[in-house]
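Please read the structure below before turning to the comments.
The shown structure was predicted, so the numbers you read here are calculated from the model rather than taken from an experiment. Scope of the values below: all heavy atoms of this structure, side chains included, with no hydrogens, waters or symmetry mates.
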Amino acid sequence: MTASNLKPRIVTLGTAGGPRWWTPAEENNRTGIATAVVVGDSFYLVDCGHGVGRRLSQAGLKLANLRGIFLTHLHSDHTVDLASLAIFGLYDLLDRRNDPVRIIGPGNRGMLPYTSPRATVEPVPVAPHCPTPGTREMFEQLMYAHATDLNDRIIDSLRPSPFELFEASDIEIPDGIGYHANENPTPAMDPFVIYEDDLVKVSAILVEHPPVAPAFGFRFDTAEGSVTFSGDTTYTQNMVTLAQDTDLLLHEAIDFDFVEAMYADKTDEGSRAARDHHYKSHTSVRDAAKVASEAGVKQLALHHLVPGMAGDSVWKQAAEHFHGTFHVPADLEHIELRPSR
Ligand SMILES: [Zn+2]
Ligand SMILES: [Zn+2]
């Protein structure tokens, strides 16, 4: 990393969490989770939720300046527009044949999760020959699924292959920390570096989002400040470790009153299992503020908001528990890592 006047900032491209399209509320219109980390003319993407391509063009961010895509975990609300970005993006990336966009995310889970104790019949997984693909395999399979279209363009229109313009790779979890996808998905650990160039150093840590494993939080350190992403997680000490003294923490938050209301009159085992997932895998507004306070972060922004159509008052309660600068950004807002005074 080299120091210069690059004014690093984030741009919220999408701030809603969850695999669905939220109804637009009056004061916001949140789309799927995705955030740009902008450093000078270059930028990096964290997650690729629904609508990311359109939001990038609205934000004036050109794909030609995209250095890397970092996936926190492989839930579809974080990955669903990876294929559209890569395929529609071919036309903006014609000069990147020798400098492909890196796609970096979790590797193959290695095993299926345990069956829910609420199951009454044995569930049937999809793709039993490859039921838990990691980032590299997922990107390959997404492109293979579109081969008819891509090959027409490659052969008839002499366009580049997405495999020339994107290079997908899996994050390797350090040995010796006791990680196991089902038995110990979030061991206490130190952050480890997954990417570095002249502008940023990106570190990762395991977070707690069962049954997803591995699931990561990311931290971008620049010469002019740092930003840390929780990914999807319940409260975990690992996030306090990763976010220590960071300039800006983007943390997920869920409104558990909404969860209770959604499942209040549902007694079937499927609904109960879905309700259980929210409690063991996501963070309340209050706990997001607790992480920020314990880590001594300077600014906290809540995103990956569930439900995406909730009014801002639901989220602003976090301000009572955190004494730094607090944000509930809408989509397409900019937050500088170190705001100029
Ligand atoms: Zn999510
Ligand atoms: Zn998730």
Side-chain angles (χ1 to χ4, degrees), residues 13-14 31-39 41-110 126-172 194-200 202 204 214 216 218:
L13 300 169
T31 188
I33 187 72
T35 313
V37 178
V38 183
V39 187
D41 293 332
S42 298
F43 77 98
Y44 308 80
L45 258 183
V46 177
D47 290 327
C48 270
H50 176 253
V52 64
R54 182 161 173 74
R55 284 289 195 240
L56 282 171
S57 63
Q58 289 171 323
L61 291 167
K62 304 219 173 328
L63 273 192
N65 298 324
L66 174 60
R67 291 203 179 184
I69 300 172
F70 296 82
L71 302 176
T72 57
H73 65 298
L74 300 182
H75 261 158
S76 53
D77 53 322
H78 299 249
T79 62
V80 75
D81 269 1
L82 180 62
S84 68
L85 195 75
I87 294 170
F88 288 11
L90 292 178
Y91 300 95
D92 294 325
L93 291 168
L94 295 175
D95 296 333
R96 296 288 294 271
R97 276 188 161 108
N98 299 312
D99 178 25
V101 176
R102 299 285 306 276
I103 302 172
I104 297 173
N108 192 310
R109 193 182 195 284
V126 301
H129 58 287
C130 182
T132 58
T135 298
R136 185 182 55 75
E137 296 163 300
M138 186 179 82
F139 184 69
E140 278 176 11
Q141 293 185 33
L142 285 169
M143 295 304 106
Y144 294 166
H146 291 273
T148 301
D149 167 84
L150 290 167
N151 287 331
D152 280 357
R153 297 178 200 281
I154 291 167
I155 290 166
D156 182 63
S157 306
L158 305 181
R159 292 299 179 183
S161 157
F163 294 114
E164 291 177 83
L165 303 180
F166 293 88
E167 181 187 324
S169 57
D170 298 339
I171 296 170
E172 283 198 32
I194 58 167
Y195 174 88
E196 187 162 10
D197 64 21
D198 57 322
L199 298 176
V200 300
V202 184
F216 295 106
F218 293 139

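Counting only heavy atoms from C-beta outward, the side chains of Arg67 and Leu199 approach each other to under 4.5 Å. In this structure the side chain of Leu90 reaches within 4.5 angstrom of the side chain of Pro162, judged on heavy atoms. Between Leu85 and Leu45, some side-chain heavy-atom pair lies under the 4.5 Å cut-off.
Here the CD1-CG distance, from Ile155 to Leu150, works out to 10.5 Å after rounding to the nearest 0.5 Å. Note that CZ of Arg96 and CG of Leu66 are 6.5 Å apart. Values are rounded to the nearest 0.5 Å. Between the CG atom of Leu63 and the CG atom of Leu56 there is a distance of 6.0 Å, given to the nearest 0.5 Å. For the atom pair Asn108 CG and Glu137 CD, the distance stands at 4.5 Å (nearest 0.5 Å). Rounded to the nearest 0.5 angstrom, Leu74 CG and Thr132 OG1 are separated by 10.0 Å. For the atom pair CD1 (Ile69) and OG1 (Thr79), the distance works out to 11.5 Å, reported to the nearest 0.5 Å.
Although no hydrogens or angles enter the test, the distance criterion places a donor-acceptor pair under 3.5 Å between the side chain of Thr31 and the main chain of His50. Side-chain atoms of Asp170 come within 3.5 Å of backbone atoms of Arg136 as a donor-acceptor pair (strictly under, hydrogens ignored). Side-chain atoms of Asp156 do not come within 3.5 Å of backbone N or O of Asp152 as any donor-acceptor pair. A donor-acceptor distance shorter than 3.5 angstrom exists from the side chain of Thr135 to the backbone of Pro106, with no hydrogens or angles considered.
Classification of the Phe218-Phe216 ring pair by plane angle, with boundaries at 30° and 60°, yields parallel. Between Tyr44 and Tyr195, the two ring planes are perpendicular [angle over 60°; tilted spans 30° to 60°]. The aromatic rings of Phe166 and Phe139 are tilted relative to each other, their planes meeting at an angle between 30° and 60°.
Closest non-hydrogen pair, Pro133 versus Cys130, comes out as CD-O, 3.4 Å. Shown here for Phe43 and Lys62, the closest heavy-atom pair between the two residues is CE2-O, 3.2 Å. Across Gly107 and Pro214, no two heavy atoms sit closer than the pair O-CD, 3.9 Å. The nearest pair of heavy atoms linking Ala34 to Gly49 is CB-N, 4.0 Å. Nearest heavy-atom pair across His146 and Leu142 is CD2-O, 3.0 Å.
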side-chain contact (heavy atoms from CB on, under 4.5 Å) between Leu165 and Arg97, worked out: CA-CA 5 Å; Leu165 303 180; Arg97 276 188 161 108; 4.1 Å; yes

Would Arg54 and Asp81 count as a salt bridge (charged side-chain N to carboxylate O under 4.0 Å, His left out) here? Give the steps. CA-CA 10 Å; Arg54 182 161 173 74; Asp81 269 1; over 6 Å; no

Leu82 and Met138: side-chain contact (heavy atoms from CB on, under 4.5 Å), yes or no, with the steps? CA-CA 10 Å; Leu82 180 62; Met138 186 179 82; 3.8 Å; yes

The test is side-chain contact (heavy atoms from CB on, under 4.5 Å); show your working for Glu172 and Ile194 and say whether it passes. CA-CA 8 Å; Glu172 283 198 32; Ile194 58 167; over 6 Å; no

Kindly determine whether Leu71 and Asp47 satisfy side-chain contact (heavy atoms from CB on, under 4.5 Å), including the steps that lead there. CA-CA 5 Å; Leu71 302 176; Asp47 290 327; 4.3 Å; yes

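Atom CZ of Phe163 has more than 12 heavy atoms from other residues, nucleotides or ligands within 6.0 Å.
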